[in-house]
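Single-structure report; data block below.
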Amino acid sequence: MAKIETPRPVRGTQDMLGGTAEAFQERFAHVVAAFDKVRRLYGFQRVEVPVFEATAVFARSLGESTDVVSKEMYTFDDRGGDSITLRPEFTAGIARAYVTEGWQQYAPLKVATNGPLFRYERPQKGRFRQFHQLDAEIIGAGEPGADIELLVFADQLLRELGVSEGVTLNLNTLGDAQSREAWRAALIAHFEAHRDQLSEESLDRLNRNPLRILDSKDPRDRPVADSAPDIDAYLTDEAKAFFDKVTAGLDAAGVAWERNSRLVRGLDYYRHTAFEFITDRLGAQGTVLGGGRYDGLIENLGGPATPAVGWAAGIERLAMLIDAPQQDRPSVAVIPMGEAAETKATGIIADLRRNGVACDMGYRGNMKKRMQRANASGAAWAIILGDDELARGEAALRDLRSGEQQAVPLAALVEKLTAL
RNA sequence: GCGAUCGUAGCUCAGUCGGUUAGAGCGCUGGUUUGUGGUACCAGAGGUCGUGGGUUCGGAUCCCAUCGGUCGCCCCA
């Protein structure tokens with residue numbers, strides 16, 4: 001008989017098993033739990049949006065960056081012939097819902113979500129095809145206060161996770177449309193004047209996405225990129241006032257930040273604030289949380305002109321940075337010996353669980369094996385139930401830490417253990 | 001799409017100037033102790049050496065191809 005070949009997991013996907021101190025799943029869950037806790041403190045409502053959308057939702061949101069649309073998205077036709085795309089980001093879907101579900105009535109709307117996203121990329125450290133993000137958005141608020149609130153939220157999350165130490169907030173402004181255009185023109189002029197010093201890749205970027213030359217990793221580009229003009233000289237008074245309010249707000253809230261005049265966004269609908277929390281502990285993927293103001297996006301999706309700002313954070317990346325979280329252990333291991341005892345134990349364990357006592361039953365192997373498993377499970381107590389105990393209507397309750405053991409009437413077990 | 005590097009037991013890895021039956025630790029099963037763990041000792045099960053081809057008397061080891069992992073480039077919404 002031919003050997004059946006087990007299908008392999010799809011490239012860039014992960015399976016996560018919890019239950020042990022080193023388990024990545026435990027870290028992952030801790031990041032999500034911390035996010036949910038902080039999100040409530042800041043009054044962000046939980047929102048759920050579909051994992052897939054009509055392709056147009058993302059295609060329009062990404063606009064002209066054709067490489068991303070054509071090569072990086074999981075797009076397919078469904079049985080009805082409609083083009084569907086697995087979400088590569090949260091913002092577009094939330095913006096779509098804001099328009100189609102009439103959420104405009106709640107503006108300014110503070111929402112948060114988290115879940116899986118999909119991008120067809122080559123996996124590497126901190127990069128997967130199915131990955132997961134936390135996401136927070138404020139839609140319908142054009143005031144710098146919204147940017148500030150979001151940034152303080154992000155900062156507090158990183159503090160709660162204990163990773164703020166090695167992570168710095170890089171902050172920049174892209175100005176309003178007018179500032180951005182003027183700066184862009186100046187940058188192109190600068191790069192054109194130094195064409196001969198740029199790498200081939202950056203020469204290509206010059207046509208495609210000139211702002212990206214600013215954060216090129218190629219050492220040949222650095223001198224030209226570093227000597228390129230900041231946006232500061234091109235900011236309108238309004239844009240400058242906006243950025244000043246954001247930085248003043250951060251200072252007032254005690255959030256440390258660094259100006260990074262090379263931090264840019266490729267898409268045109270980004271305005272004003274752009275930020276990334278960056279670490280050097282994750283290899284090539286240093287951004288742990290990033291976002292900015294996208295005042296032009298909702299209009300791009302056919303909605304009313306709506307100012308909005310938001311951020312997203314990679315759960316896997318955060319999970320790689322945090323210390324191993326404390327994990328919950330079952331506190332009681334029930335060890336029956338013999339069939340009659342096992343039946344009785346089934347009732348006892350159900351009773352304990354209904355009364356909020358976390359417990360597990362050991363039903364494999366000999367006594368020694370069961371005790372070993374009970375010990376390995378981290379349980380603090382073992383309830384040993386054999387024919388002898390059963391006949392006396394009691395169970396042996398053993399403290400697995402001290403080794404002390406006592407007989408407890410079966411009827412008193414729940415009371416005894418819930419009192420501990 | 002490009003580059004580097006690695007694929008040996010369930011896991012982590014030894015073993016390669018080509019040479020009898022491929023090893024260890026952990027885990028698993030059983031035993032020393034017919035019902036008592038965190039120690040110890042003994043035994044056992046478990047491997048198409050990623051896959052296919054080539055060179056050779058002989059390949060885990062050398063060559064080619066292919067698949068997969070990892071890291072980096074590109075891209076980064």
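Quick caveat, the model's predicted, so the values are computed rather than measured.
For the OP1/OP2 pair of B/G72 and a distance below 4.0 Å, the side-chain nitrogens and oxygens of A/K125 include no atom meeting the criterion.
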**Request:** Let me have a per-nucleotide readout for nucleotides 34-39 of chain B, 5' to 3', with B, S or -, counting only protein heavy atoms under 4.0 Å.
**Result:** -BBBB-
**Asked** What string of B, S and - do you get for nucleotides 1-7 of chain B, 5' to 3', when a contact is any protein heavy atom under 4.0 Å?
**Response** BB-----
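Around CZ of A/R401, the count of heavy atoms belonging to other residues, nucleotides or ligands within 6.0 Å does not exceed 12. Applying the 6.0 Å contact sphere to CG of A/D226 captures more than 12 heavy atoms from other residues, nucleotides or ligands. A 6.0 Å sphere centred on CD of A/E165 holds no more than 12 heavy atoms belonging to other residues, nucleotides or ligands.
Here A/R87 lies out of heavy-atom contact (under 4.0 Å) with every strand. Contacts of A/Q124 with the nucleic acid, taken as non-hydrogen atoms under 4.0 Å apart, include base atoms. Backbone-only engagement by A/R208 is indicated by non-hydrogen atom pairs under 4.0 Å involving sugar-phosphate atoms exclusively. Contacts of A/N209 with the nucleic acid, taken as non-hydrogen atoms under 4.0 Å apart, involve only primed sugar atoms and P, OP1 or OP2. If you check every strand for non-hydrogen atoms under 4.0 Å, A/A284 touches sugar and phosphate atoms only. Heavy atoms of A/Y270 sit under 4.0 angstrom from primed sugar atoms or phosphate atoms, though from no base atom.
Using a 4.0 Å cut-off between charged side-chain N and carboxylate O, A/D230 and A/R262 make a salt bridge.
The distance between atom CZ of A/R370 and atom C1' of B/G30, rounded to the nearest whole Å, is 15 Å. Distance A/R364 CZ to B/G30 C1': 14 Å, rounded to the nearest Å. Rounded to an integer number of Å, the gap from CZ of A/F128 to C1' of B/C75 is 17 Å. Remark: P of B/G30 and NZ of A/K369 are 6 Å apart, rounded to the nearest angstrom.
For the C1' atom pair drawn from B/A4 and B/U39, the interatomic distance equals 46 Å after rounding to whole Å. Across the P atoms, B/G72 and B/A9 are found 26 Å apart, a figure rounded to whole Å. The separation of B/G59 from B/G53, taken at their P atoms, amounts to 13 Å, rounded to a whole angstrom. Only the P atoms considered, B/U16 is 16 Å distant from B/C63, to the nearest whole Å.
Geometrically, A/R39 does not engage A/F153 in a cation-pi contact, judged by NZ or CZ lying under 6.0 Å from the ring centre and within 45° of the ring axis.
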**Asked** Under a 3.5 Å cutoff on both atom distances, Watson-Crick or G-U, what's the dot-bracket for RNA chain B ([ ] crossing, | other strand)?
**Response** (((((((..((((.....[...)))).(((((.......))))).....(((((..]....))))))))))))....
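Residues from residues 90-101 of chain A with heavy atoms under 4.0 angstrom of RNA chain B: there are none.
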Listing time: all N or O pairs from protein to nucleotides 66-68 of chain B that are below 3.5 Å?
unit_1	atom_1	unit_2	atom_2	d
B/G68	OP2	A/R11	NH2	3.3

Do any N or O atoms of the protein come closer than 3.5 Å to N or O atoms of nucleotides 25-27 of chain B, and which pairs are they?
none

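Here B/C75 is the nucleotide among B/C74, B/C75, B/C71 with the atom lying nearest to any side-chain atom of A/E121.
Contact record, A/D77 with A/S83: OD1-CA, 3.6 Å, taken as the closest heavy-atom pair.
Residue A/R127 places a side-chain atom within donor-acceptor reach of the base of B/C76, judged by atom type and a 3.5 Å distance cut-off alone.
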